[in-house]
Amino acid sequence: MLWSDPENKPPKELRDTQAMLRRLSVLLALAMVLAMLMIGIR
C-alpha cells in the first residue's frame, strides 16, 4: 500500500446493502428470541 493509492472504500450501493443486511439480521435474531419465549411459555 502506497500513500498515493486510492482509498479502498466500497461503493454506496454495497454499503447500503450491508447496512440493510445488518438490520435484517438483528430483526431476525429478535424474532428468534421472541419465538423461543413464546414456545417456552406454552
Side-chain angles (χ1 to χ4, degrees):
M1 286 287 288
L2 298 174
W3 63 270
S4 59
D5 286 348
E7 286 189 39
N8 192 11
K9 284 187 182 173
K12 185 177 180 343
E13 304 96 37
L14 183 60
R15 279 181 279 143
D16 289 347
T17 306
Q18 285 173 340
M20 190 181 67
L21 283 173
R22 207 172 298 124
R23 276 185 236 120
L24 194 64
S25 63
V26 169
L27 272 172
L28 194 60
L30 284 172
M32 291 289 284
V33 170
L34 279 173
M36 294 285 191
L37 284 173
M38 296 306 276
I39 291 169
I41 288 170
R42 281 189 181 177

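- Alongside L37, the hydrophobic cluster contains V33 (criterion: ILVMFWY side chains under 4.5 Å).
- For the atom pair OG1 (T17) and NZ (K12), the distance works out to 9.5 Å, reported to the nearest 0.5 Å.
- To the nearest 0.5 Å, atoms CG (D16) and CD (Q18) are separated by 9.5 Å.
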Under 3.5 Å, which donor-acceptor pairs link side chains of residues 20-31 to any protein atom two or more places apart or in another chain?
from	atom 1	to	atom 2	distance (Å)
S25	OG	L21	O	3.3
S25	OG	R22	O	2.7

